[in-house]
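Below is one structure, written out as structure tokens; comments come after it.
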Amino acid sequence: QMLADALLVVAIAFCTALLGEGLTWVMVYRHDEYKRLKSEMEKRQKKLDKKKETVVGDDSKTGKRKIEREEEKLKTTNRDFSMFKMKSMFAIGLVFTALLSTFSSIFEGKVVAKLPFVPFSMIQGFSHRSLTGDDYTDCSFIFLYILCTMTIRTNLQKLLGVAPSRAMAKQQGGGFFTPPAAASNSQFSYLK
């Protein structure tokens, strides 16, 4: 029964990831404005990177001012890009919240998988949510669903060719596990 529930959760995660990407395509990806902003952001990021390379040894105020000007232009483009995506993210968020609450109530109190480890104490409340007992290797629907959705959606975006480019990831923050840009060249280079 647990295996069937786990497979069902994976299938639900796959279907909702497809739905999410479909809605995003309809509301964002297919529009010319998205394509224009994306290419503009990539061009500005490349231009900024080139300026930084040429000004590395140069401590002049002019070089620094040019870099600051380019960074400001890039931030403006990033803000426009984020505002363009905001409407769709809000709509998708509402749809996913409704779906999540529906599926959570269906799987409430059910162990859908067994974790091969005991999670950190701060994650236990999340991984063991709505489950009874003290076996913290028991996995709740919400934990497995979110893990699957994150993995499937990222890979689906790569497969469909709509994954954020490096320039966009730099501007919008690479995520929780990505080191800061300043540190990434030195002590965190093994994470690349």
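Computed from a prediction, not measured in an experiment: that's the story for all the values here.
Annotation: side chain of Y29 is in contact with side chain of Q157 (closest heavy-atom distance under 4.5 Å). In this structure, K51 and K47 have side chains that are in contact, with non-hydrogen atoms separated by less than 4.5 Å. Between L100 and I142, some side-chain heavy-atom pair lies under the 4.5 Å cut-off. A 4.5 Å side-chain heavy-atom check between I123 and Y136 finds every atom pair outside the cut-off. Counting only heavy atoms from C-beta outward, the side chains of L160 and W25 never approach each other to under 4.5 Å.
A pairwise comparison of heavy atoms in R30 and K35 identifies O-NZ, 3.8 Å as the closest pair. When all heavy atoms of I92 and T24 are compared, the pair lying nearest together is CD1-OG1, 3.0 Å. Nearest heavy-atom pair, K38 versus G161, reported as atom, atom and distance to 0.1 Å: NZ-O, 4.3 Å. Contact record, C139 with L115: CB-CG, 3.9 Å, taken as the closest heavy-atom pair. Minimum heavy-atom separation, I67 to L48: O-CD1, 3.7 Å.
A salt bridge does not link E72 with R44: every distance from a Lys NZ or Arg NE/NH1/NH2 to an Asp or Glu carboxylate oxygen is 4.0 Å or more. Taking a cutoff of 4.0 Å between a charged side-chain nitrogen and a carboxylate oxygen, R36 and E40 qualify as a salt bridge.
Remark: E68 CD to K75 NZ distance equals 9.0 Å, nearest 0.5 Å. In this structure, the separation between OG on S127 and CG on L144 is 11.0 Å, given to the nearest 0.5 Å. The line from CE of M89 to CG of L23 is 9.5 Å long, rounded to the nearest 0.5 Å. Note that CD of E42 is 9.5 Å distant from CD of Q45, once rounded to the nearest 0.5 Å. With values rounded to the nearest 0.5 angstrom, F117 atom CZ is found 10.0 Å from T137 atom OG1. Taken from OG1 in T77 to NZ in K43, the straight-line distance is 11.0 Å, to the nearest 0.5 Å.
Both I146 and F143 are assigned to one and the same hydrophobic cluster, defined by single-linkage of ILVMFWY side chains at heavy-atom distances under 4.5 Å. Note on V26 and L37: same hydrophobic cluster, where clusters join Ile, Leu, Val, Met, Phe, Trp and Tyr whose side-chain heavy atoms are under 4.5 Å apart, directly or indirectly. Hydrophobic clustering (side-chain heavy atoms under 4.5 Å, transitive across Ile, Leu, Val, Met, Phe, Trp, Tyr) keeps F84 apart from F90. When hydrophobic clusters are built by joining Ile, Leu, Val, Met, Phe, Trp and Tyr residues whose side-chain heavy atoms come closer than 4.5 Å, directly or via intermediates, L131 is not grouped with F126. Following chains of ILVMFWY side-chain contacts shorter than 4.5 Å, one can reach F96 starting from L8, so the two form part of one hydrophobic cluster.
Residue F14 places its CZ atom among 12 or fewer non-hydrogen atoms of other residues, nucleotides or ligands, all under 6.0 Å distant. A 6.0 Å sphere centred on NZ of K50 holds no more than 12 heavy atoms belonging to other residues, nucleotides or ligands.
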Residues F107, I12; criterion side-chain contact (heavy atoms from CB on, under 4.5 Å); working and verdict: CA-CA 12 Å; F107 286 97; I12 290 169; 3.9 Å; yes
Applying side-chain contact (heavy atoms from CB on, under 4.5 Å) to K114 and D135, what does each step give before you reach the verdict? CA-CA 10 Å; K114 267 303 205 192; D135 186 358; 2.4 Å; yes
Check against side-chain contact (heavy atoms from CB on, under 4.5 Å), L19 and L99: CA-CA 11 Å; L19 175 69; L99 287 171; 3.8 Å; yes
Where do T16 and Y145 land on the side chain to side chain donor-acceptor pair (under 3.5 Å) test, with the steps shown first? CA-CA 10 Å; T16 54; Y145 172 78; 3.0 Å; yes
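Of the candidates K52, K66, R65, K64, E71 forms a salt bridge (Lys or Arg N to Asp or Glu O under 4.0 Å) with just one, namely K52.
Applying the ring pair (Phe, Tyr, Trp, His ring centres under 6.0 Å) criterion to F103, with sequence neighbours excluded, gives no partner residue.
Between the N78 side chain and the L74 main chain, no donor and acceptor come within less than 3.5 Å of each other. When atom types are taken as modelled, the side chain of H128 and the backbone of G133 share a donor-acceptor pair closer than 3.5 angstrom. Here the side chain of R153 pairs no donor or acceptor atom with the backbone of T149 at under 3.5 angstrom. With hydrogens and angles ignored, the 3.5 Å screen pairs a side-chain donor or acceptor of Q124 with a backbone N or O of P119.
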